[in-house]
Amino acid sequence: MLKGYLRQDGKKGIRNYILVAYTVECAHHVAREIQYPYREKGVHVIGFHGCAPNTYANNMMEALCTHSNVGAVLIMSLGCENLNKENLREVIKASGRSVKTITIQESKGSKLSIEEGKNWIEKQISILKETPQVPMAFNELSIGTICGGSDATSGITANPVIGKTFDNLLKKGITAIFEETGELIGCEHIMAERAETSELSEQLIKTVDKAKIYYQNMGFGSFSDGNAKGGLTTIEEKSMGAYSKSGNSKINGIIKPTIQPPKNGLYLLDVVPDGSPMFGWPNANDNAEIAELIACGAHIILFSTGRGSVVGSAVSPVIKICANPQTFKNLEDDMDINAGSIIEGKETIDEIAKLLEEYIVKIGNGNLTKSEALWHQEFQLAYKKFGNLEPGCLPS
Amino acid sequence: MNKVICLHTSDNVGVALSNLKKGDIISHNSLRIKLLDNIDFGHKVALMPIEKEKKIIKYGVSIGIVTQHILAGSHVHTQNMESLYMKQFTKK
């Protein structure tokens, strides 16, 4: 059983963080100055660097500022940017969260804005301390997964461990989200067989086809000589390594960033933009994808790494499952779970999956992940464009 | 200690957990298999004889098709299997 903070919409969070959310890069420094003294007290910075309007970025900011792990939000604005900060404020207020906007151009500049912001944060910290915690069940928990800094070990240890953990926890009612459609090229027909409905099955194939075309237009091939040297023979084999994070359970739907799964189950998050490539790579780095998983409601991120990524995230804790025993030895302070022991023949996939499940429960009860304890709070939000979901993507 | 990992009960290949040498003995489902090739870490080894045109099963699914008969204990890679997906993909 977990412990949660009950929100007005009935959702529960496993953290009670305060966000300092900047609405353009010009307000980023001031936001960081306000947050930094309180970074060990659950105050995180998120924001959008762009000044030109972007619906996706607006939606992401709204979804993150009203995430169930968030208790209060300070909006940091320069004053002349295009992000709709009034609407953002209204959405946060309507969610029952405490919110304040500081506009630097109207608050006599950086120095006074920082002072005003810190005063508000201090008050919020003492108010949020009083938030009662209530029991939280697995069917109120949402978990996302991603892999980054992968190597030959990822697909045979950490990724199958995450898949097994998803299978175990889906039986207990969680919502689970996997993504990276660009790395599912070659196994879309295998994935389609797991769809709950025939409409969804078609959509799963279409979603991967979209990624295939997008990456082709970007001049990106997925299979490299290095993959073959490492023992991978075919594109479908390589993709299965990434895909194995999704486990073997039935797939219930496809979502896009900021869409909340309408009911519990397993979802594919389509992170590849719609239309022709417009703003560059689908995702600049792992944290951009992590932010999208969180914007779909994920309370916890399971991050599989072989080479050894050290990142965490703002808003939701990141649990790092290290696939490679050598990497685990080198980066033990950054790694939560050693799936590399499977390579050494010391433990099995099932055993590590059980350990991971126990660890998730601890994190859901307030224990800090390795990246949280080191105050990793990375955040990335770029320009993107999405259309609506096709019919058949969501469960009825 | 296991020298290979079999990722799904229906798999016909295992993955080497270290650099294995020709002549090494691996065990799979209480069978002992003598390696016919060197199998580097991360590479696949046939856990049973697999006929031409049959599928290579890893993670419980097909990852390609056999292009020439494979003996148990052989290295399974580009020399004896190929992608089914790329074939379909390039035909289009």
Side-chain angles (χ1 to χ4, degrees), chain A residues 151-157 159-161 163-164 184-191 193-194 208-209 212 216 221-223 225-248 306 323-326 339-350, chain B residues 1-20 24 26-29 35 37-46 50 55-68 70 74-90 92:
Chain A
D151 69 9
T153 63
S154 302
I156 55 175
T157 64
N159 292 356
V161 161
K164 185 73 193 173
L184 299 175
I185 296 166
C187 58
E188 61 267 38
H189 295 278
I190 295 158
M191 179 163 65
E193 285 169 23
R194 283 169 58 199
V208 177
D209 279 344
K212 200 156 56 187
Q216 273 169 357
S222 174
F223 199 85
D225 285 349
N227 291 143
K229 281 197 188 89
L232 298 175
T233 313
T234 64
I235 178 81
E236 52 265 54
E237 180 183 16
K238 179 185 172 179
S239 292
M240 278 308 297
Y243 172 67
S244 64
K245 294 198 298 303
S246 71
N248 288 301
N324 186 322
Q326 204 51 51
S341 60
I342 297 165
I343 302 276
E344 296 172 321
K346 289 177 187 161
E347 275 161 309
T348 64
I349 289 170
D350 287 358
Chain B
M1 180 183 149
N2 293 327
K3 289 177 180 161
V4 298
I5 184 168
C6 178
L7 291 159
H8 191 276
T9 46
S10 61
D11 289 359
N12 53 18
V13 292
V15 179
L17 292 174
S18 56
N19 291 334
L20 304 177
D24 282 356
I26 60 165
S27 59
H28 173 65
N29 291 345
L35 297 186
D37 302 297
N38 291 337
I39 315 278
D40 283 348
F41 167 73
H43 284 243
K44 294 176 288 301
V45 54
I50 316 166
K55 285 171 181 162
I56 297 295
I57 307 294
K58 183 181 169 188
Y59 298 103
V61 301
S62 163
I63 57 157
I65 193 159
V66 176
T67 53
Q68 59 180 72
I70 298 174
S74 308
H75 183 209
V76 177
H77 204 18
T78 46
Q79 77 284 2
N80 50 19
M81 70 169 287
E82 66 183 15
S83 171
L84 266 173
Y85 183 85
M86 291 313 278
K87 254 186 171 176
Q88 291 163 346
F89 187 41
T90 45
K92 276 182 190 170

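Order of the sequence lines fixes the chain letters, A, B, ..., with proteins taken first and strands second; residue numbering starts at 1 for each chain.
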Where [X] and [Y] come nearest, the two heavy atoms and their spacing:
{"X": "A/T233", "Y": "B/V76", "value": "OG1-O, 4.0 Å"}
{"X": "B/L7", "Y": "A/P160", "value": "CD2-CG, 4.1 Å"}
{"X": "A/G241", "Y": "B/Y59", "value": "CA-OH, 3.2 Å"}
{"X": "A/E236", "Y": "B/I63", "value": "CG-O, 3.2 Å"}
{"X": "A/I235", "Y": "B/S83", "value": "CG2-OG, 4.1 Å"}

Look at A/G186, A/G155, A/S244 and state which one has the largest set of heavy-atom pairs under 4.5 Å with chain B.
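So the answer, after comparing A/G186, A/G155, A/S244, is A/G186.
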Select, from A/A228, A/A152, A/C187, the one with the greatest count of heavy-atom pairs under 4.5 Å involving chain B.
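Most heavy-atom pairs within the cutoff with chain B belong to A/A228.
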Just do the side chain to side chain contact (heavy atoms under 4.5 Å, CB included) check on A/I349 and B/I5 with the steps written out, would you?
CA-CA 10 Å; A/I349 289 170; B/I5 184 168; 4.0 Å; yes
If we ignore angles and hydrogens, is there a donor and acceptor under 3.5 Å between the side chains of B/Y85 and A/E188?
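The answer is yes; a qualifying pair exists.
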Atom CD of A/E237 and atom CE of B/M81: how far apart are they, to the nearest 0.5 Å?
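Spacing of CD (A/E237) from CE (B/M81) equals 6.0 Å.
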Any donor-acceptor pair under 3.5 Å linking the side chain of B/H43 with the backbone of A/L232?
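The answer is no, because no donor-acceptor pair under 3.5 Å joins these two groups.
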Using non-hydrogen atoms only, which part of A/I156 is less than 4.5 Å away from chain B: side chain, backbone, both, or neither?
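Both the backbone and the side chain of A/I156 come within 4.5 Å of chain B.
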